Amino acid sequence: MVVAPRTTRAAFDTIADPMSASPNAILRPPHDPATVLEDRFRAAIRAVAGIDADPQIRVSANAKFGDFQVNAAMSLAKERGANPRALAEEILALVELGGIAMKCEVAGPGFINVTLDAEYISAQLADLSRSANFGIPAATDRHAVVVDLCGVNVAKQMHVGHLRATIIGDSLARVFERLGRKVWRENHLGDWGLPIAMTLAKLIRERADFARLTLDDLNRAYRGAQRETDTSDLAAAHANHCGLHRIAELEIQYEPARAAMEDAKKTLVRLQSGDAEIVRLWERLIEVTMEQVYDAARTLNVKVGPDNNRGESFFRDRLGGVIETFRASGHAKSDRGAMVVPFTDRERPLLIQKSDGGFLYATTDLAAVRFRTFELDGSLVVYVVDARQRDHFKDVFDAARLVGWNRTADGTESTLVHLGFGAVLGPDKKPLKTRSGENFTLKDLLDEACERGTAEVTRRAADPASPTHGLAESELRAIGTAVGIAAVKYADLSGDLTKDYVFDLDRMIAFEGDTGPYLQYAHARIASILAKSGESTECIADTTLRLELPAERALALHLLRYAQMTLDVGRTLETNRVGAYLSQLATLFNGFYQACPVLKADDAATRLSRLRLCAMTRAVLADGLSLYGIIAPDRM
RNA sequence: GCGCGCGUAGCUCAACUGGAUAGAGCAUCGGUCUUCGAAACCGAAGGUUGGGGGUUCGAUUCCCUUCGCGCGCGCCA
């Protein structure tokens, strides 16, 4: 049986060979009831129909249909021209579910509804709580996962788009780390080329004090340099065949622009040739730019630092080789003086070298693909870059395949994925701006989130009954920051990454409903119960789980599914599954909390059993939040 | 012009990748704090899944068509 190729909605690069390219698809968590149900029903289907088919085990949509449903009978019956209900009955008669299910019946057009034995759930959960890594099976693929994230440009301020590229990439990296993969976070900096040289040249002309440069200075210089060298009106005049007089007029007007451009090009040549003085200043530019990135990463609890920097400049010596490879293999041709890679299925070719011999970003990206698959040994390379670059990455990936660069060092085929996320919009559905119409910088946004989180935490701490009452201001600030950042990150990661999303701080900072703080609150409440219980963690871990009330049972069942959810995120790259899972876990816990007294339970055994459920829920909540890089405080 | 993406409750989003009566959260209305933290819980109301056709036991999901919005289209990155 070949596992059907699964693709991410976000990715246009299909996984050609799921067995090698996506080994997680065949990893199954041992504690999840779906795993054993799949085995048992697979065997029953083989006995009935003589084929190996996916039983299609799903969590039941409705509690009245039991815990799980088996959907395979209907599609199998269609293929074989059989009666679906009769086929379901045959499967049901042969399936071996002793000790697993207490009830199993055919319903509707051919569903098989399974209700598990509470004893079985409790045994699985007890085993899960003793196993390492939340029962997540270790990855079998020893190749690395490469995540291209953040993607800042030197001399430019980070904006809200970088927020997504950074936290989505970091979250995926965390998921793959949790799955046991070697992960490379790659920050592909825009740190090379003419725009940087222009900025550098302008700063030098202005005799800027490089020792005291600020990001604002760089930003101003960058924009100033862009403006100074802008001759687009002149180019347009030529293109529109304006009169000679008009063109001559414009040429005089643009003389300073030409001079500035000349200066920038000379600076670029010096930089490229390794002129020690220029290189030193260039490094300073990067240093100043990256300080904001590390600041933002620290605030966001994102694992991005100097070790992750591998930008355009890193690949500068490999660009000639890219052209050579494509030329030698016959996949590139000269066109209007430039070098292009044509494709058979579309008009648009990929331009890899300009007619003046210069390279383009496609050239750098091709060099990076080669580096990531062959040298970093990535069997999965994920580009977390905004959706507008879809066509570009399609071209780059297809070109890389033409020359066999989608292979690891041992020849394993790599999966190249562009995870194109949508734009961040303001409440007016236009790209996010501040009230005064300025671009919303990442710093503005994070400052506001932290400030509002702190204000809210401080306000609640004023209540003498609050567990946070009397905490030091620095502690409240730390909690408030965690809460504010959780709101921002959760709102982003818990939706469909490919869609544009409306950024509304008011809504997410309301801290009510399906938000990051809602999950943190559930966590803090559990931590509070555990602390008050006075029981040691060992004692709690040893106790017998008794699942008597529906709320206990539902909570336990959901805890058993954490591993599968994590595997699913690794397979689909859909980070929103984490949020959906945790949100449901918190809701189930709140229901349990409402229905089942823990510290005031009727008897000691029930009390301990419920404490054990609390402890496990707390651990899974904290671990799940860590997949988003969200901190779960014990008090808030 | 060509290509890509997206249209689901008033708003913001789900729907386990073709399954049963399309679910949450805000907002609205009505209930729960002398009992483990009310950032919570329970209930009500809210829908022609943009429109139309098709595929089939079954479609928000796949195909065709149409409308609307957004984005991208060789010498910037």
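As the structure is a computational prediction, the values presented were derived from the model and not from experiment. We name chains A, B, ... by the order of the sequence lines, and we start the count at 1 in each one.
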I'd like a list of close polar pairs between nucleotides 73-77 of chain B and the protein, N/O only, cut-off under 3.5 Å.
{"unit_1": "B/rG74", "atom_1": "O6", "unit_2": "A/D335", "atom_2": "OD2", "d": "3.1"}
{"unit_1": "B/rG74", "atom_1": "O6", "unit_2": "A/R336", "atom_2": "NH2", "d": "3.0"}
{"unit_1": "B/rG74", "atom_1": "N1", "unit_2": "A/R336", "atom_2": "NH2", "d": "2.7"}
{"unit_1": "B/rC75", "atom_1": "O2", "unit_2": "A/S355", "atom_2": "N", "d": "2.5"}
{"unit_1": "B/rC75", "atom_1": "O2", "unit_2": "A/S355", "atom_2": "OG", "d": "3.0"}
{"unit_1": "B/rC75", "atom_1": "N3", "unit_2": "A/S355", "atom_2": "OG", "d": "3.4"}
{"unit_1": "B/rC75", "atom_1": "N4", "unit_2": "A/R336", "atom_2": "O", "d": "2.9"}
{"unit_1": "B/rC76", "atom_1": "OP2", "unit_2": "A/K354", "atom_2": "NZ", "d": "3.1"}
{"unit_1": "B/rA77", "atom_1": "O3'", "unit_2": "A/E312", "atom_2": "OE2", "d": "2.3"}
{"unit_1": "B/rA77", "atom_1": "N6", "unit_2": "A/Y361", "atom_2": "OH", "d": "2.3"}
{"unit_1": "B/rA77", "atom_1": "N1", "unit_2": "A/Y361", "atom_2": "OH", "d": "3.3"}

Going by modelled atom types, is there a donor-acceptor pair between the base of B/rG72 and the side chain of A/K394 at under 3.5 Å?
-> no
For A/H162 and A/Q157 the tightest heavy-atom approach is CE1-O, 4.2 Å
How is A/A107 classified with respect to the nucleic acid when contacts are heavy atoms under 4.0 Å: base, sugar-phosphate, or nothing?
-> base
In whole Å, what is the span from the CD atom of A/Q69 to the P atom of B/rG18?
-> 15 Å
Which whole number of Å gives the distance between the C1' atom of B/rU61 and that of B/rC73?
-> 30 Å
Using atom C1' of each nucleotide, how far apart are B/rA24 and B/rU49 to the nearest Å?
-> 16 Å
According to a strict under-4.0 Å criterion, is A/K532 in side-chain N/O contact with OP1 or OP2 of B/rG37?
-> yes
What nucleotide among B/rU17, B/rG19, B/rG5 has an atom nearest to a side-chain atom of A/E574?
-> B/rU17
Distances under 3.5 Å between protein N/O atoms and the N/O atoms of nucleotides 39-45 of chain B, please, pair by pair.
{"unit_1": "B/rA39", "atom_1": "OP1", "unit_2": "A/Y521", "atom_2": "OH", "d": "3.4"}
{"unit_1": "B/rA39", "atom_1": "OP2", "unit_2": "A/R460", "atom_2": "NH1", "d": "3.0"}
{"unit_1": "B/rA39", "atom_1": "O4'", "unit_2": "A/R460", "atom_2": "NH1", "d": "3.3"}
{"unit_1": "B/rA39", "atom_1": "O4'", "unit_2": "A/R460", "atom_2": "NH2", "d": "3.4"}
{"unit_1": "B/rA40", "atom_1": "OP1", "unit_2": "A/G513", "atom_2": "N", "d": "3.0"}
{"unit_1": "B/rA40", "atom_1": "O3'", "unit_2": "A/N590", "atom_2": "ND2", "d": "3.1"}
{"unit_1": "B/rA40", "atom_1": "O2'", "unit_2": "A/R525", "atom_2": "NH2", "d": "3.2"}
{"unit_1": "B/rC41", "atom_1": "OP1", "unit_2": "A/Y518", "atom_2": "OH", "d": "3.0"}

Searching all strands shown, indicate the nucleotide that pairs with B/rG1 (Watson-Crick or G-U wobble; both distances under 3.5 Å).
-> B/rC73
Sorted by position of nearest nucleotide on RNA chain B, 5' first, the leading residue of A/G108 and A/K600 is A/G108
Touch class at under 4.0 angstrom, heavy-atom based, for A/D365 against every strand present | nothing
Would you call A/D568 and A/E574 a side-chain contact if the rule is heavy atoms closer than 4.5 Å?
-> no
Answer yes or no: is there a side-chain heavy-atom contact under 4.5 Å between A/D634 and A/S528?
-> no
A/H418 vs A/R390, side-chain hydrogen bond (donor to acceptor under 3.5 Å, both in side chains): CA-CA, chis, key distance, verdict = CA-CA 7 Å; A/H418 169 224; A/R390 225 177 232 123; 5.2 Å; no
When all nucleic acid strands are considered with a 4.0 Å heavy-atom cut-off, which category describes A/D345: base, sugar-phosphate, or nothing?
-> nothing
Give me the ring orientation class for A/F397 and A/Y383: parallel if the planes are under 30° apart, tilted from 30 to 60°, perpendicular past 60°.
-> tilted
Pair of N/O donor and acceptor under 3.5 Å linking B/rU17 base with A/R571 side chain = no
Atom CG of A/N71 and atom P of B/rU61 are separated, to the nearest Å, by 18 Å
Of all the choices, B/rC16, B/rC36, B/rC57, which nucleotide is nearest to the side chain of A/A61 once you look at every atom?
-> B/rC16
Can you say whether the rings of A/Y501 and A/F503 are parallel (under 30°), tilted (30 to 60°) or perpendicular (over 60°)?
-> perpendicular
Report the base-pairing partner of B/rC41 (Watson-Crick or G-U wobble, both distances below 3.5 angstrom), or none.
-> B/rG31
By nearest nucleotide on RNA chain B, pick out whichever of A/K78 and A/R635 is the more 5' one.
-> A/R635
NA contact type, A/C614, heavy-atom cut-off 4.0 Å: base, sugar-phosphate, or nothing?
-> nothing
To the nearest angstrom, how far is A/E105 atom CD from B/rA20 atom P?
-> 17 Å
Would you mind pulling out the nucleotide paired to B/rU56, Watson-Crick or G-U wobble, both distances under 3.5 Å?
-> none
Are any of the side-chain nitrogens in A/D602 or A/R607 under 4.0 Å away from the carboxylate oxygens of its partner?
-> no
Contacts of A/H331 meeting ring pair (Phe, Tyr, Trp, His ring centres under 6.0 Å) (sequence neighbours excluded), chain-then-number -> none
So what does A/S60 hit on the nucleic acid, given a heavy-atom distance under 4.0 Å: a base, only sugar-phosphate, or nothing?
-> nothing
For nucleotides B/rA39 and B/rC33, find the distance between their C1' atoms and express it as a whole number of Å.
-> 15 Å
Any strand is fair game: report the nucleotide pairing with B/rA14 by Watson-Crick or G-U wobble, both distances under 3.5 Å, or none.
-> none
Have a look at A/R346 and say if it touches a base, only the backbone sugar-phosphate, or nothing, with a 4.0 Å heavy-atom cut-off.
-> nothing
When you compare B/rG7 with B/rC16, how far apart are their C1' atoms, in angstrom units rounded to a whole number?
-> 23 Å
Is it true that A/R452 and A/D506 make a salt bridge, defined as a side-chain N closer than 4.0 Å to a carboxylate O?
-> yes
Reckon A/A524 touches a base, only the sugar-phosphate, or nothing at all at heavy-atom distances under 4.0 Å?
-> base
In whole Å, what separates the P atom of B/rA14 from that of B/rG50?
-> 14 Å
Can you check B/rU17 for me, syn or anti if syn means within 90° of 0?
-> syn
Starting from P on B/rA24, measure out to CG on A/L519 and report it in whole angstrom.
-> 17 Å
Expressed in whole Å, how much space separates the P atoms belonging to B/rA22 and B/rA38?
-> 34 Å
At under 4.0 Å, does any side-chain N or O of A/K499 touch on OP1 or OP2 of B/rU12?
-> no
Is it true that the NZ or CZ of A/R348 lies under 6.0 Å from the centre of A/F343's six-membered ring and within 45 degrees of the ring axis?
-> no
How far does the P atom of B/rC29 sit from the matching atom of B/rG52, given to the nearest Å?
-> 35 Å
Do NZ/NE/NH1/NH2 and the carboxylate oxygens of A/E456 and A/R460 come within less than 4.0 Å?
-> yes
Touch class at under 4.0 angstrom, heavy-atom based, for A/P84 against every strand present = nothing
Provide the closest heavy-atom pair for A/L530 versus A/A615 in the form atom of the first, atom of the second, distance.
-> CD1-CA, 3.9 Å
So what does A/N576 hit on the nucleic acid, given a heavy-atom distance under 4.0 Å: a base, only sugar-phosphate, or nothing?
-> sugar-phosphate
Determine whether any donor atom in the side chain of A/S528 lies under 3.5 Å from an acceptor atom in the base of B/rG37, or the reverse, and answer yes or no.
-> yes
B/rC13 P sits how many Å from A/L493 CG, rounded?
-> 14 Å
Which value, in whole Å, describes the distance between the P atoms of nucleotides B/rU60 and B/rU8?
-> 15 Å
A/H469 NE2 - B/rG37 C1' separation (whole Å) = 15 Å
When rounded to whole Å, the CG to P distance for the pair A/L497 and B/rC6 reads 13 Å
Expected output: side-chain A/N187 to main-chain A/G151 donor-acceptor under 3.5 Å | yes
Under 4.0 angstrom, heavy atoms only, what part of the nucleic acid is A/V502 near: base, sugar-phosphate, or nothing?
-> sugar-phosphate
